[in-house]
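Each residue takes its place number in the sequence, starting with 1.
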Amino acid sequence: MPDLRIAQNLFSDRIAALPLAIVYITDRCNSKCITCDYWRYGQTNMAPPVAERLAVELSALGTHMVLISGGEPLLHPHWHDLVSIFRAH
């Protein structure tokens, strides 16, 4: 049965459902692309407690898929823990 909350998104100024979310877990990057300056300034990593709170909120919104992104997500020292948190919800 389809989630009717997705259709509600079309008729409201509030999000009723968010089936897909792209979550930036870090802004660190090891590529030196000329069109992007993440590699110069990136130093921020998402903390596991923040991921836990976000995972609960996304679950309540009916999110079925979370894409992990960032600068380069594999540079996050705890990326595997964050992925496990999102998968658990």
Rounding to 0.5 Å, atoms OH (Tyr41) and SG (Cys29) come to a distance of 14.0 Å

Would you call Met46 and Leu54 a side-chain contact if the rule is heavy atoms closer than 4.5 Å? yes

Determine whether Leu58 and Leu18 make a side-chain contact, defined as any pair of heavy atoms from C-beta on separated by less than 4.5 Å. yes

Derivation and outcome, side-chain contact (heavy atoms from CB on, under 4.5 Å), residues His78 and Asn45: CA-CA 9 Å; His78 305 290; Asn45 291 318; over 6 Å; no

Leu67 side chain near Val23 side chain, heavy-atom distance below 4.5 Å: no

Thr26 OG1 to Trp79 CH2 distance, which is reported to the nearest 0.5 Å: 13.5 Å

Measuring from atom CG of Asp27 to atom CD of Gln43, what distance do you get when rounded to the nearest 0.5 angstrom? 8.0 Å

Exceeds 12 heavy-atom contacts within 6.0 angstrom, atom CD1 of Ile22: no

The reported gap from CZ in Arg53 to CD1 in Ile85 (rounded to nearest 0.5 angstrom) is 11.0 Å

Backbone of Arg87 reached by a side-chain donor or acceptor of His89 within 3.5 Å: no

Are Leu20 and Val56 connected in the hydrophobic side-chain network, where two residues link if heavy atoms are under 4.5 Å apart? no

Under 3.5 Å, is there a donor-acceptor pair between the side chain of Thr63 and the main chain of Ser59? no

How many angstroms lie between atom CG of Asn30 and atom CG of Leu74, to the nearest 0.5 angstrom? 9.0 Å

Closest contact, heavy atoms only, Gly70 versus Pro73: N-CD, 4.3 Å

Just how far is it from atom CZ of Phe86 to atom CD1 of Ile25, taken to the nearest 0.5 Å? 8.0 Å

Flag side-chain contact, heavy atom, 4.5 Å: Ile68 against Leu82: no

